[in-house]
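The structure under discussion appears below in the form of structure tokens.
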Amino acid sequence: GLQPVLLYKVKGWAVSSRGRFPVVTKNSLTGETERKYLRWDEIRSLRLEKNVLFAKNKTASRAMEKTVRSYNLQPSFLCDLCRQSITFKRVEELEQCLKLISKDPEVAIHRVKNRLELNYNDEASAGYRDVLINLRIVNTATKSLGLDIHVSEVQLLLESYAEKKTDTGHKAYVSLRNLRGE
């Protein structure tokens, strides 16, 4: 499928822009689970690849729900079945990553949604903000698999907002989304 191709690209963009991924580790003193945001080179050197919380594909039930609620039964509008995110400490790093993606010759960008804009109403997303990019990856691998027409989603976010994607924050977002019927 497309997920390994997207993951390969996302890791490359992250390495080139100092992007980070969420990693779950156990505190050796307290035994409690901790979430950290580490660069890919740090993850590899610490051999924590299996601890990275990469995004999973959207579930079939959520895809059907979104098709009915938001897209008037038109599944071709779904563009986040395959998705990933990259987290940054600084806005400049996020901007660098956005530039890298926009200049990647294997990427066709369909939409950029900037939820970091000052006038963005973050109440609609339970305080969560990011830069969301809907894109297609068009290369030999995706063409040979017939996946070059599929639109994926890449979320670029600051670490301070990444915490809103935790279980509690996501539950608040889902509640708001359900109230709006999305």
Side-chain angles (χ1 to χ4, degrees), residues 2-25 33-46 48-49 51-58 70 79-139 150-177 180 182:
L2 188 56
Q3 191 72 298
V5 177
L6 179 62
L7 205 48
Y8 175 80
K9 295 298 271 182
V10 164
K11 288 174 186 174
W13 297 326
V15 166
S16 298
S17 60
R18 299 186 56 77
R20 297 166 185 274
F21 299 103
V23 177
V24 174
T25 59
T33 302
E34 296 178 338
R35 181 188 300 236
K36 300 178 192 176
Y37 295 90
L38 300 175
R39 293 188 323 269
W40 187 245
D41 61 320
E42 295 171 315
I43 292 166
R44 292 193 59 184
S45 70
L46 296 169
L48 293 173
E49 293 93 339
N51 297 54
V52 180
L53 298 174
F54 288 118
K56 295 183 174 99
N57 287 338
K58 185 177 290 300
S70 301
C79 54
D80 61 349
L81 295 174
C82 183
R83 59 211 170 161
Q84 285 302 325
S85 60
I86 308 171
T87 303
F88 302 90
K89 283 199 174 285
R90 299 179 19 238
V91 172
E92 296 81 13
E93 295 165 345
L94 187 148
E95 287 175 342
Q96 182 182 2
C97 187
L98 185 57
K99 287 176 187 172
L100 286 167
I101 294 170
S102 69
K103 292 179 181 179
D104 189 321
E106 295 182 345
V107 169
I109 294 177
H110 284 256
R111 175 178 78 153
V112 176
K113 190 174 187 179
N114 184 358
R115 293 188 276 215
L116 291 177
E117 287 180 347
L118 293 176
N119 62 353
Y120 176 74
N121 178 8
D122 66 358
E123 289 178 16
S125 60
Y128 177 76
R129 290 173 173 255
D130 64 5
V131 175
L132 182 145
I133 308 158
N134 293 123
L135 54 82
R136 290 183 304 115
I137 299 173
V138 183
N139 59 25
H150 181 78
V151 179
S152 299
E153 179 178 286
V154 175
Q155 298 172 358
L156 307 179
L157 61 149
L158 296 172
E159 202 170 300
S160 57
Y161 291 111
E163 292 304 319
K164 303 223 184 254
K165 283 179 79 169
T166 61
D167 291 338
T168 307
H170 187 68
K171 284 178 186 172
Y173 167 72
V174 169
S175 294
L176 281 172
R177 182 184 73 201
R180 293 190 310 259
E182 296 176 350

Test log, rule side-chain contact (heavy atoms from CB on, under 4.5 Å), inputs V131 and R115:
CA-CA 6 Å; V131 175; R115 293 188 276 215; over 6 Å; no
Flag side-chain contact, heavy atom, 4.5 Å: L53 against R35
yes
How would you list, by chain and number, every residue that makes a side chain to side chain contact (heavy atoms under 4.5 Å, CB included) with V52, sequence neighbours excluded?
F21, V23, W40, I43, F54
Can you sort out the partners of E34 under side chain to side chain donor-acceptor pair (under 3.5 Å), two or more places apart, ordered by chain and number?
N27
Sub-4.5 Å side-chain heavy-atom contact between D130 and L156
no
Heavy atoms of T87 and A162 approach each other most closely as CG2-CB, 3.9 Å
On a heavy-atom basis, the closest approach of L116 and N114 is N-OD1, 2.8 Å
List the steps and the verdict of side-chain contact (heavy atoms from CB on, under 4.5 Å) for S152 and L2.
CA-CA 9 Å; S152 299; L2 188 56; 3.2 Å; yes
How close do C82 and L6 get, counting heavy atoms only, and between which atoms?
SG-CD2, 3.7 Å
Of the non-hydrogen atoms in S17 and C97, which two are nearest, and what is the gap between them?
OG-CB, 3.3 Å
Sequence-distant partners of K9, side chain to side chain donor-acceptor pair (under 3.5 Å), two or more places apart
D104, E106
Backbone N/O of V24 and side chain of N51: donor-acceptor pair under 3.5 Å
yes
In sequence, state the C-alpha distance, the side-chain angles, and the governing distance for V15 and D41, and then conclude on side-chain contact (heavy atoms from CB on, under 4.5 Å).
CA-CA 7 Å; V15 166; D41 61 320; 6.0 Å; no
Residue pair R136 / H110, side-chain donor-acceptor N/O under 3.5 Å
yes
Student check: side-chain heavy atoms of L157 and I86 closer than 4.5 Å:
no
Who passes side chain to side chain contact (heavy atoms under 4.5 Å, CB included) against E42, sequence neighbours left out?
R20, L38, R39
Can you confirm whether V107 sits close enough to V138 that some side-chain heavy atom of one is under 4.5 Å from a side-chain heavy atom of the other?
no
How long is the gap from CG on L135 to NE2 on H150, to the nearest 0.5 Å?
10.0 Å
Which pairs count as salt bridge (charged side-chain N to carboxylate O under 4.0 Å, His left out) when at least one residue sits in residues 85-96, sequence neighbours excluded?
R18-E93, K89-E159, R90-E92, R90-E93
Are the side chain of Q3 and the backbone N or O of A55 linked by a donor-acceptor pair below 3.5 Å?
yes
Residues in side chain to side chain contact (heavy atoms under 4.5 Å, CB included) with Y8, at least two apart?
none
R83 side chain to N134 backbone, donor-acceptor under 3.5 Å:
no
